[in-house]
Amino acid sequence: MELPSQYNPQTVEESRYQWWEAQGLFQADVDPTRKPYTIVIPPPNITGILHMGHALNNTIQDILIRWKRMQGFNALWVPGTDHAGIATQNVVERALAKEGKTRQDLGRDAFIQRVWQWKEQYGNTILYQLKRLGSSCDWRRTRFTMDEGLSEAVLDVFIRLYNDGLIYRGNYIINWCPRCQTALADEEAPRKDTQGKLYHIRYPIEGQGAGDGGQGKKKSHAPRLTPHAPDFIEVATTRPETMLGDTAIAVHPKDKRYKALIGKHAILPLVNRKISIIADEQVDKAFGTGAVKVTPAHDPVDFQLGKKHGLEFINVMTDDAHMTNVPKAYEGLDRLDCRSKLIVDLEQQGFLGAIDEHQHNVGHCYRCHTVVEPRLSPQWFVKMKPLAKPAIEAVKKGKLKFSPERWTKVYLNWMENIEDWCISRQIWWGHRLPVWYCNNCSQGQGAGDRGQGKIPTHAPRPAPHAPELGVIVSKSKPATCPQCGNVDLKQDEDVLDTWFSSWLWPFSTLGWPNKTKDLDYFYPTDTLVTAQEIIFFWVARMVMAGYFCMKDLPFSNVYIHGTVRDITGKKMSKSLGNIIDPLDIIKQYGTDALRYTLITSTAIGQDIFLSEERFTAGRNFANKLWNATRFVLAAGDAGGEAPAARPESRRDSRRARTDGGVSQAAGPAAITVPDRWILSRLQHTVMAVTKSLDACLFNEAATALYDFLWHDFCDWYLEIAKVQLQHQAPSTKQQETTKAILVHVLETGLRLLHPVMPFVTEELWQQLQHTAHSTQHTDKAVSIMKAAWPKPDKKLIDDEAESQFERFTAVVGAIRTTRAELNVPPDRKPPVHLITQHAALRSFFESQQSLLKTLAGVGEVHVAAKAQKPKDAASAVVDGIEVILPLAGLIDVDKERARKQQQVEELTKHLQQAEARLKDRHFTEKAPAEVVQGARDRKTQLEETLKKTAEHLAVLQAM
RNA sequence: GGGCGGUUAGCUCAGUUGGUUAGAGCGUCACUUUGACAUAGUGAAGGCCAGAGGUUCGAAUCCUCUACCGCCCACCA
């Protein structure tokens, strides 16, 4: 079959993928006779479109899966998607907004229906895109975090945790996004450095003659804070509007400035509420004025202080961050408008001190970037400390490993300081809490009554099995309230955090909570491949869920890859416009090129700085392989007229074609040093690639293959094969051997490369199956995917051939360099003299004459023990062989002389270094013997080379 | 404020447990359109391994400090 001279991925990839799928090659089922290898995909959001991060992440997973599959494992890659609560709801809400509607207009049920509709239409886009990447997932098993089984798992684990006392409801300071109107986990409210202002406000002290609100006082910017008779206390805040909810002022107990005030009261300006002045060590004397206003309902630290000191909690904001429970003048104002108005009023009434510029970290909603409001709110929490315990142990005992290893510390550090997890979200899209309220029993503590007025604080429910009155946790709606028999029960309006379903992913996708054969066989999974951003969100929680639900860790290896950035180091993002779209790259360069370039661009766990030009390397490599195969196929066909040398049956052919059989079948006379060399190099490559993959050093595996296939195989062996194939003597046996080796080495190389570049390797491997010299390594392997992973054949490792061949290439290189440097016209073929004392080397070079002539472009080859010294000859010494190239009439004598001069200088320098080293007593006495010996050998060699080179310089100088 | 990573050729990066003269790809320059491939071949130029100390016979590699870049975590109002 004729192959075109260029590889065109477009004509191959899609149809080849469909063929794989149709053959069922991605599928894995329970098979007790084989060992499983399992990966669960980090489920992409249904709103997602493929970006470079996905491309890298899934390429790595696919490499592992394809590699393990070839090694004979029953390899399962479970795909699926995540419902991505807030993200998806936002997308659908935006679509609604275009129709001029809000979700409230539709109502809850209709809205959710609308989201499902959207999901059906667009939610699998990302999965189709993963197919374009070549991902060999078992698509029959595709799961979705809101499908029936997984929803069941979510409710099940909620109830288990609740019954174990690990889920509780409490009023807590949470991050509240006023735009999305939902609570956000800490991880969902990333902090950004923000330039803000620090407002100083003066609170009059009760009974110090300033209780009249400071009217008529002169404005002074210097706080008068004497320990003796202060009439006000000045505090500093970045959010003045929260002062309306202040219920105390806190100072450090040892702060001399305020000691006298502790226990007294201050008057809250504008509100005229009496608040107490308390002491707490948490207060930093050095910050601001050293006095802090305490707003327990609107700040995490203040919340703690509030609980500790029994303060009142006053919520002054509504869900959409407008003021409430405040003096009429401020009621209903937006938080920022209120801030402005307050500043004016405080200033007018003389309560305002200095306003400083202040840079601080402010949380922003990760979806809409609105500044979050820390806010007291009734929410559901998972108690994390008990869950973290086994998850910490697993890592400490080495049962769970991270690569790169450094993430272990990050993981442990977080786990050991873990905070409870706020799992309720005030959105509609997600798993609704399996919680019902009885209005009879619960006194209006239901979900509808959120965040208004003065909320009593609840400590977390401390002991298990202490059910709150009127709160019923149940998978389905209970008929009646078990306490009072009331039939009017209302389900909690909240849904669960998206991660509350993802943390079950490794076992929920395999059927949990049912006891399935899949679970039994495939769990625990093996490797989890993910990005560093979600170690806390997801990885850590999966480990905890694994131990809680399955009593076993969910995976034994976590591979954390780097982040794909643009060439300047910025994260790729739409708003920056620095996106390189993987699908564009696939169109332009091919999937294999994309995969190859991504993989070779990152050492373990390092970030990738990507630029588009880099993909040419991958494309060129695929093209190189394509053309090498074209050559091998052509060579095979050309040899078709030698049937006697060809084994007749397939069975025979397999025997003759196994690794060990290559040399034996051809007989000792037919195998040449280059043959032995390439076979030996192949074994080293098999070992190196396998070892690298074992250590997750994907870039090293790919680079080793690139070097071997491109340089060793194409640059050297293919060129040699051309000579060996055209050569008539000594026998056609040699030609047969050469052809067999060509096919064998290429075929093995393709198998090694298949996990990284699946498409082109499959295509070419299929082509090779049609040749006379094909090697069929697995019986009935229909695809390279099912071919066996190569194993090294130690018998073919041939140090002698390797060192001889290295000498050969060095001699060829020396001749080429000389020719190029002296501008010898390419059609001129000067004779060459090889001078060496070693008889073995002489006979070796005698036997390689024709190769030398072709590869180095020389005429007659003279091998001798002694130099005849032609006057105008260029020469070089490599590996103890002197190479003399008589170039009568072709040399630029001056130039060559200068070059030799330079060579002599360099050699002299190196020799001096070597000598100095050997003279160093410390070195000779302390360094290991082989290192010292190496240095001696090196020195001797240098001396020899220098001597010869100097002689030639002398010759040149005489010319 | 803590923690982590990075700094090696013009660019992007490798560099195994310290050990000959520090490598690759891209780019550059020269020659080559030879029957696999110009998405190629051959050859060349290009590095005080961020800086300063230290350990060692020997340091890109180990230690300390400094500088810059980038991430993560954290309640300084």
Side-chain angles (χ1 to χ4, degrees), chain A residues 3 5-7 173 186 191 198 235-239 242 250 282-284 286-289 291-295 299-304 358 360-361 374 404 406-407 409-410 413-414 417 532-533 535-536 562-563 565 567 569-571 589 593 597 600-603 605-611 613-614 616-617 619-635 695 697 699-700 703 706-707 714-715 718-719 722 813 816-821 823-826 857 906 909-910 913-914 917 920-928 930-932 934-935 937-939 941-942:
Chain A
L3 294 180
S5 69
Q6 278 185 6
Y7 171 52
I173 291 284
D186 285 345
R191 287 161 181 279
L198 194 59
V235 299
T237 178
T238 54
R239 294 185 296 150
T242 62
Q282 269 194 54
V283 178
D284 182 351
F287 187 87
T289 61
V292 196
K293 64 191 250 341
V294 183
T295 321
D299 184 275
V301 179
D302 295 4
F303 175 71
Q304 282 178 19
H358 181 60
H360 58 154
N361 279 331
R406 64 184 136 91
W407 294 108
K409 248 165 80 184
V410 177
N413 187 43
W414 189 73
N417 299 297
Q532 57 212 47
E533 295 97 58
I535 293 178
F536 306 139
T563 307
R565 301 171 183 285
I567 204 72
K570 292 195 190 73
K571 229 171 177 173
Y589 300 90
T597 296
T600 49
S601 297
T602 168
Q606 287 298 350
D607 288 354
I608 299 181
F609 294 73
L610 203 61
S611 68
E613 304 87 72
R614 306 197 59 170
T616 55
R619 180 199 56 183
N620 294 357
F621 187 32
N623 191 58
K624 189 77 178 173
L625 294 168
W626 183 265
N627 279 292
T629 307
R630 285 209 316 149
F631 171 81
V632 171
L633 289 174
L697 300 170
N699 65 323
E700 287 190 10
T703 307
Y706 181 93
D707 284 343
C714 290
D715 287 351
L718 242 52
E719 296 306 318
K722 287 176 189 170
R816 283 172 175 170
T817 303
T818 309
R819 291 184 58 117
E821 282 190 353
N823 285 321
V824 177
E906 269 172 31
K909 200 178 91 195
H910 293 317
Q913 281 172 359
R917 205 148 174 257
D920 188 337
R921 265 227 322 272
H922 296 293
F923 173 68
T924 48
E925 281 164 16
K926 291 194 183 172
E930 70 244 34
V931 173
V932 177
D937 294 348
R938 169 88 193 128
K939 191 196 138 198
Q941 203 186 338
L942 277 169

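In what follows, chains carry the letters A, B, and so on, assigned in the order in which the sequence lines appear, proteins first and then strands, with residues in each chain numbered from 1.
- Separating the C1' atom of B:G3 from that of B:A50 is a span of 22 Å, rounded to the nearest Å.
- If you check every strand for non-hydrogen atoms under 4.0 Å, A:Glu925 touches nothing.
- Only the C1' atoms considered, B:C11 is 28 Å distant from B:C72, to the nearest whole Å.
- With a 3.5 Å ceiling on both atom-pair distances, B:U20 lacks any Watson-Crick or G-U wobble partner.
- Remark: the separation of the P atoms in B:G58 and B:G19 is 14 Å, to the nearest Å.
- Across all strands shown, A:Asp715 has heavy atoms under 4.0 Å from sugar-phosphate atoms exclusively, and none from any base.
- A residue-by-residue look at A:Arg406 and A:Asn699 shows that A:Arg406 has its nearest nucleotide of RNA chain B further toward the 5' end.
- Residue contacts shown for A:Asp920 are limited to sugar-phosphate atoms, with no base heavy atom under 4.0 Å away.
- Base pairing analysis places B:A40 opposite B:U32; the two distances defining the Watson-Crick or G-U wobble pair are each below 3.5 Å.
- Distance check on atom P: B:U16 versus B:G23 gives 14 Å, rounded to whole Å.
- One P atom belongs to B:U61, the other to B:G6, and the distance between them is 13 Å to the nearest Å.
- Within the 4.0 angstrom heavy-atom criterion, base atoms lie near A:Leu718.
- B:C63 and B:C73 have their P atoms separated by 26 Å, given to the nearest Å.
- Nucleotide B:A67 has B:U7 as its partner under the Watson-Crick or G-U criteria, with both atom distances under 3.5 Å.
- On the P atoms, B:C48 is 12 Å away from B:A22, given to the nearest whole Å.
- Of all the heavy atoms in A:Lys624 and A:Asp715, the pair that sits closest is NZ-OD1, 4.3 Å.
- No contact: A:Arg239 has no heavy atom under 4.0 Å from any strand.
- Heavy atoms of A:Pro928 sit under 4.0 angstrom from at least one base atom.
- Salt bridge A:Glu906/A:Lys909: absent, no basic N to carboxylate O contact under 4.0 Å.
- Base pairing annotation: B:G58 forms no Watson-Crick or G-U wobble pair, as no partner gives both donor-acceptor distances under 3.5 Å.
- Looking at heavy-atom distances under 4.0 Å, A:Glu719 makes contact with a base.
- Residue-level contact check: A:Thr616 touches neither bases nor backbone, having no heavy atom under 4.0 Å from any strand.
- Mapping A:Ala820 and A:Arg619 onto RNA chain B by nearest heavy atom places A:Arg619 closer to the 5' end of the strand.
- Note: A:Trp626 and A:Tyr7 have tilted aromatic rings, judged against thresholds of 30 and 60 degrees for the angle between ring planes.
- Checked against side-chain contact (heavy atoms from CB on, under 4.5 Å), A:Pro404 has the following partners two or more places apart in sequence or in another chain: A:Arg406, A:Trp407, A:Ile560, A:Ile604.
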